[in-house]
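See below for the structure under consideration.
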2 protein chains.
Amino acid sequence: MPDLPRPTDAELEILTVLWSRGPSTVRAVHDVIAQRRPAQYTTILKLMQIMAEKRLVRRDEEQRAHVYEASRPREWTQRQLAGDLLDRAFAGSAAELMMGALAARKASKKELAEIRRMLDQLEEGR
Amino acid sequence: MPDLPRPTDAELEILTVLWSRGPSTVRAVHDVIAQRRPAQYTTILKLMQIMAEKRLVRRDEEQRAHVYEASRPREWTQRQLAGDLLDRAFAGSAAELMMGALAARKASKKELAEIRRMLDQLEEGR
DNA sequence: TTGACACGACGAAGAGCTTCGTAGTAATGT
DNA sequence: ACATTACTACGAAGCTCTTCGTCGTGTCAA
């Protein structure tokens, strides 16, 4: 399984749309993005074409309106990004990353409980 | 307190050196970085000059060899970066970011315990 | 004092990212 | 059939990032 380049900001925005919508046309992705910020159709098209070259997405050309799909599931890419940031900014310390994340956006009680549950599960498995 | 642009990869590498060493000359930063990868002195110099323009670092020109210092403490920048990634890739879910981080680089038992301690402290404070 | 060295300033090249306009062509409706 | 619309492909501009070489000048030792 060859690894992929880290997606840029604009690319990541497109990936999030593909993850939430599933396989989509450029039109559909553009409509979602244009709703939150100005963006020309051809800009999104070009980005998605480049992403296909980079293998960040797969393209089905069966239909005239090509259908794009993220080539990796959300969890996989999230893992890459988290690991990357961990190495580059947190010297590998997951605890510090946790600190940073919780300080940045205060999490709900529900979320904190979920994190605990995750930790339990992790230690059980060992 | 004006906010700062997100540091690029090369800039972040320099910041980590400044955080760990404290105020340093270009020479000192270069020596650290050149130890792990090929890098010309003037490349590091140029980067640090640009970082000064961007206000990512402060420069003391008293001595002939200027002394550079990160303009924000490590924790502050880490918080920015974690929050940024949280928004861009994790839809704001700290739990998922945690998931990603722990899946990416398995943490030690000690580290997991530390994370728990942090959670405890967070909930107490409320 | 003069030669060797150290340092900052600067320009520029090459790559990547992001944006958009234009052109060509297929599909659709009147 | 013909005009309009929808779609892809492509090129290019403008910007940022990263790299490096060169220049001018200050510093220091022999």
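In what follows, chains are A, B, ... by sequence order, proteins preceding strands, each numbered from 1.
For CD of A:Q63, the number of neighbouring non-hydrogen atoms (other residues, nucleotides, ligands) closer than 6.0 Å is 12 at most.
The interatomic distance linking B:I44 (CD1) with D:dC17 (C1') rounds to 13 Å, in whole Å. What separates CD of B:E13 from C1' of D:dC17 is a distance of 14 Å, to the nearest Å. If you measure from atom CE of B:M48 to atom C1' of C:dC10, you get 17 Å, rounded to the nearest angstrom. The interatomic distance linking A:E53 (CD) with D:dT8 (P) rounds to 15 Å, in whole Å. The separation between B:D9 atom CG and D:dT19 atom P is 10 Å, rounded to whole Å. A:R37 has its CZ atom 13 Å from the C1' atom of C:dC20, to the nearest Å. Distance CG (A:D31) to P (D:dC7): 9 Å, rounded to an integer number of Å. Atom CG in B:L47 sits roughly 15 Å away from atom C1' in C:dG8 (whole-Å rounding).
Nearer the 5' end of DNA chain C, as judged by each residue's closest nucleotide, is the contact made by B:Y68, out of A:R6 and B:Y68.
Under 4.0 angstrom from either OP1 or OP2 of C:dA9 there lies at least one side-chain N or O belonging to B:Q49. Applying the 4.0 Å criterion to OP1 and OP2 of D:dA9, one finds that A:R59 has a side-chain N or O inside that range. The shortest distance between the side-chain N/O atoms of A:Y41 and the OP1/OP2 oxygens of D:dT8 is below 4.0 Å.
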For a quick test of your reading: what N or O donor-acceptor pairs under 3.5 Å do the side chains of residues 89-100 of chain B make, sequence neighbours left out?
from: B:S93; atom 1: OG; to: A:E111; atom 2: OE2; distance (Å): 3.3
from: B:S93; atom 1: OG; to: B:E96; atom 2: N; distance (Å): 3.0
from: B:E96; atom 1: OE1; to: A:Q78; atom 2: NE2; distance (Å): 3.2

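Each end of the helix from C:dT1-D:dA30 to C:dT30-D:dA1 gets its own rotation axis from five pairs of C1' atoms, and the angle between them is 10° to the nearest 10 degrees.
Nearest to the side chain of B:K46, among C:dT18, D:dT18, C:dG11, sits C:dG11. Side-chain proximity of B:L45 to C:dA9, C:dC17, D:dT18: nearest is C:dA9.
Looking only at distances, no side-chain donor or acceptor of A:S24 sits under 3.5 Å from a matching main-chain atom of A:V29.
A salt bridge does not link A:R72 with A:D3: none of the charged nitrogens is closer than 4.0 Å to a carboxylate oxygen. Salt-bridge annotation for A:D31 and A:R21: absent, with no side-chain N of the basic residue lying under 4.0 Å from a carboxylate O of the acidic one.
Evaluated for a side-chain contact (heavy atoms from CB on, under 4.5 Å) with B:I14, the options B:L47, B:V26, B:T8 yield exactly one hit, B:L47.
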### Task
Report, as a single string ordered 5' to 3', how protein heavy atoms within less than 4.0 Å touch nucleotides 21-30 of chain C: B base, S sugar-phosphate only, - not at all.
BB---BS---
